[in-house]
Amino acid sequence: MPGFDKDAFWTKILSLYQSARENNYVLKLSGEQLRELKEIYMDIYIPMENLGHYSDEKLMKKIMEAIVSINVHDKDARNNGGDIIHLVNSVNYDGRNLYLHFAKISAVKMRRFEIGKSQQQIAERMGYSVSAVRSCEKSSCDLSREPEVLVRKLAKALECDIESLLY
């Protein structure tokens, strides 16, 4: 589904990432979270005149398909297409509960997605190269071992505090 990078459905799924990360990247949605997700989905993607054609089962299937299709097209500095990054690897619904299995994404990359910036834009804000940003975004990167000035500039460019990048 086009347009996820800017709408409320995308924002809602992205907002659940932190909780999932704290639970080994799996999140069981509460009844209230599931209701809210349904409401957002119906408001955005189902015209009011077609709402009566959707059973709860059909609606859940559509929501699950939408969730796993959410991705970020992360173009690199050379504008050669970049990577497609999926935020949710799989979704399971047992008839009562919805489980989201998120991808493991570094804190630096996730924060960049949250503020909607490219690696190039972050590098320019820092006064560093794109390769430095790319290196900091790797899941294997330990920012506590990087030069303090780089980490400070990275946090400032990402509009957050240093501690939020050190998980």
Side-chain angles (χ1 to χ4, degrees), residues 1-46 58-123 125 130-143 154-155 157-167:
M1 297 181 126
F4 273 131
D5 59 334
K6 300 292 181 211
D7 72 23
F9 195 76
W10 154 266
T11 303
K12 179 63 181 172
I13 297 300
L14 193 63
S15 74
L16 299 171
Y17 188 84
Q18 184 65 21
S19 295
R21 187 186 64 77
E22 294 167 1
N23 194 32
N24 203 24
Y25 297 93
V26 177
L27 183 65
K28 174 183 170 184
L29 270 61
S30 69
E32 186 173 322
Q33 288 172 315
L34 187 54
R35 275 190 302 282
E36 183 181 353
L37 197 61
K38 282 181 182 180
E39 288 174 12
I40 292 169
Y41 184 84
M42 289 186 299
D43 285 347
I44 295 174
Y45 299 108
I46 302 177
K58 185 176 178 182
L59 180 60
M60 284 307 300
K61 183 176 180 183
K62 292 294 233 181
I63 289 172
M64 291 168 61
E65 289 170 359
I67 291 170
V68 295
S69 71
I70 293 175
N71 61 67
V72 176
H73 191 184
D74 193 22
K75 293 183 179 180
D76 63 17
R78 295 180 302 262
N79 265 343
N80 65 0
D83 296 325
I84 304 275
I85 299 165
H86 288 274
L87 295 179
V88 179
N89 289 333
S90 65
V91 181
N92 298 317
Y93 182 63
D94 65 8
R96 287 182 42 180
N97 300 300
L98 187 68
Y99 299 88
L100 305 180
H101 302 263
F102 282 84
K104 294 179 182 177
I105 299 172
S106 74
V108 173
K109 186 178 278 193
M110 182 53 70
R111 179 64 188 151
R112 183 169 60 81
F113 292 160
E114 289 171 349
I115 63 172
K117 301 293 182 193
S118 69
Q119 289 177 334
Q120 178 71 39
Q121 290 168 316
I122 298 301
R125 286 179 171 192
V130 172
S131 63
V133 174
R134 191 176 299 122
S135 177
C136 291
E137 287 186 351
K138 291 181 181 177
S139 58
S140 60
C141 180
D142 181 358
L143 289 178
L154 180 62
L158 292 170
E159 304 166 9
C160 65
D161 55 44
I162 292 171
E163 292 76 27
S164 66
L165 300 176
L166 296 176
Y167 67 72

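Enclosure of atom NZ in Lys38 by more than 12 non-hydrogen atoms of other residues, nucleotides or ligands within 6.0 angstrom is indicated. Applying the 6.0 Å contact sphere to CD of Glu32 captures no more than 12 heavy atoms from other residues, nucleotides or ligands.
For the atom pair OG of Ser164 and CD of Gln18, the computed distance is 9.0 Å after rounding to the nearest 0.5 Å. Atom OH in Tyr41 sits 12.0 Å away from atom CE in Met64 (nearest 0.5 Å). Here Phe102 contributes atom CZ and Ile67 contributes atom CD1; the two are 8.0 Å apart, rounded to the nearest 0.5 Å. Rounded to the nearest 0.5 angstrom, Ser139 OG and Glu137 CD are separated by 11.0 Å. Annotation: the span from Lys109 atom NZ to Cys136 atom SG amounts to 12.0 Å, rounded to 0.5 Å.
We find that Glu159 and Arg125 are joined by a salt bridge, their nearest charged nitrogen and carboxylate oxygen being less than 4.0 Å apart.
Between Gln33 and Leu37 there is no side-chain heavy-atom pair separated by less than 4.5 Å. When side chains are defined from C-beta on, Phe113 counts as touching Ile85, because their heavy atoms get closer than 4.5 Å. Between Glu36 and Leu29, every side-chain heavy-atom pair lies at or beyond the 4.5 Å cut-off. Proximity of Ile46 to Lys62: side-chain heavy atoms (C-beta onward) are nowhere separated by under 4.5 Å. Inter-residue side-chain proximity for Leu34 and Asn97 is flagged as unmet; no heavy-atom pair is nearer than 4.5 Å. Contact of the Leu14 side chain with the Ile70 side chain is not registered, since no non-hydrogen atoms from C-beta on lie closer than 4.5 Å. Taking the side chain as every heavy atom from C-beta outward, Asn92 and His101 approach each other to under 4.5 Å. For the pair Leu87/Ile105, a side-chain contact is recorded, criterion being any heavy-atom separation below 4.5 Å from C-beta on.
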List the steps, then state whether side chain to side chain contact (heavy atoms under 4.5 Å, CB included) holds for Leu158 with Glu114. CA-CA 9 Å; Leu158 292 170; Glu114 289 171 349; over 6 Å; no
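When all heavy atoms of Arg111 and Cys160 are compared, the pair lying nearest together is NE-CB, 3.8 Å. Of all heavy-atom pairs spanning Leu143 and Leu165, the tightest one is CD1-O, 3.5 Å. The two residues Phe9 and Ile44 have their closest heavy-atom pair at N-CD1, 3.9 Å. Considering all non-hydrogen atoms of both residues, Ala155 and Asp161 come closest at CB-C, 4.1 Å. Residues Ala103 and Tyr17 share a closest heavy-atom pair of O-OH, 3.0 Å. Considering every non-hydrogen atom in both Lys138 and Ser106, the closest pair reads O-CB, 4.2 Å.
Applying the side-chain contact (heavy atoms from CB on, under 4.5 Å) rule to Ser131 yields the partners Ser129, Arg134; only residues at least two apart in sequence or on another chain are considered. For Asp94, the side chain to side chain donor-acceptor pair (under 3.5 Å) criterion is met by no residue, not counting sequence neighbours.
Side chain of Ser135 to backbone of Ala132: no donor-acceptor contact under 3.5 angstrom is found.
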